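Working notes for the structure below.
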Amino acid sequence: MFDIFKMRKLGFFVGGVLFGTAGIKVLSSKDAKKVYTNCTAAVLRAKESVMQTVTVVQENAEDILAEAKMINEERAEKEETVEGTIQEERTEVV
């Protein structure tokens, strides 16, 4: 019985070594290299597309921020004008 378990473990070990060796051969083949190259090219294209989208979003955010600041400045000027008019009316009434 002891020999059967020992042989079984040895069989698993040898099978793993053969499977690993075959796997390395497959992963380092010319066909695999073509697949890796095409996948890498696709990732680079996707990265470029994402970066273009990020640039557009950043530009839009900058425009929105600039317009919001202008709106707030105009609003503050109007409020100052209205407050100045109210002050003048109060001084005239007194």
Side-chain angles (χ1 to χ4, degrees):
M1 233 174 137
F2 180 71
D3 291 333
I4 293 174
F5 290 119
K6 196 173 186 181
M7 294 300 288
R8 187 173 179 183
K9 287 182 182 182
L10 180 62
F12 284 138
F13 175 75
V14 171
V17 169
L18 291 175
F19 186 74
T21 304
I24 289 173
K25 295 269 186 189
V26 169
L27 292 175
S28 61
S29 70
K30 288 182 181 181
D31 290 334
K33 184 178 177 184
K34 287 180 185 178
V35 170
Y36 304 148
T37 304
N38 287 328
C39 288
T40 303
V43 168
L44 290 174
R45 285 191 303 272
K47 177 188 170 199
E48 184 63 30
S49 175
V50 168
M51 293 308 293
Q52 288 175 352
T53 302
V54 167
T55 301
V56 169
V57 169
Q58 284 177 337
E59 290 171 354
N60 288 340
E62 289 171 0
D63 292 344
I64 291 169
L65 180 62
E67 288 179 29
K69 286 181 178 181
M70 285 180 16
I71 289 170
N72 283 339
E73 288 173 4
E74 291 172 2
R75 184 174 182 173
E77 289 174 5
K78 286 180 183 178
E79 287 177 1
E80 287 176 9
T81 304
V82 169
E83 287 178 14
T85 305
I86 292 173
Q87 286 291 343
E88 287 176 8
E89 289 176 359
R90 286 183 184 165
T91 54
E92 289 176 5
V93 171
V94 174

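Numbering of residues begins at 1 and proceeds along the displayed sequence. Here the structure is a predicted model, which is why all the values come from computation and not from measurement.
The side chain to side chain contact (heavy atoms under 4.5 Å, CB included) with V56 is formed by just one residue from the set T53, V54, N60; it is N60.
Looking at residues two or more places apart in sequence or on another chain, you find a side-chain contact (heavy atoms from CB on, under 4.5 Å) between V14 and L10, L18.
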Output side-chain donor-acceptor pairs under 3.5 Å for residues 26-37, partner residues at least two apart or in another chain, one line each.
residue: S28; atom: OG; partner: I24; partner atom: O; Å: 2.8
residue: S28; atom: OG; partner: K25; partner atom: O; Å: 3.4
residue: S29; atom: OG; partner: V26; partner atom: O; Å: 2.9
residue: S29; atom: OG; partner: A32; partner atom: N; Å: 3.2
residue: Y36; atom: OH; partner: L27; partner atom: O; Å: 3.0
residue: T37; atom: OG1; partner: K33; partner atom: O; Å: 2.8

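Note: E73 CD to M70 CE = 8.0 Å, rounded to the nearest 0.5 Å.
Counting only distance, with no hydrogens or angles, the side chain of S49 and the backbone of R45 share no donor-acceptor pair below 3.5 Å.
The residues E79 and R75 are annotated as salt-bridged, a charged nitrogen and a carboxylate oxygen being separated by less than 4.0 angstrom.
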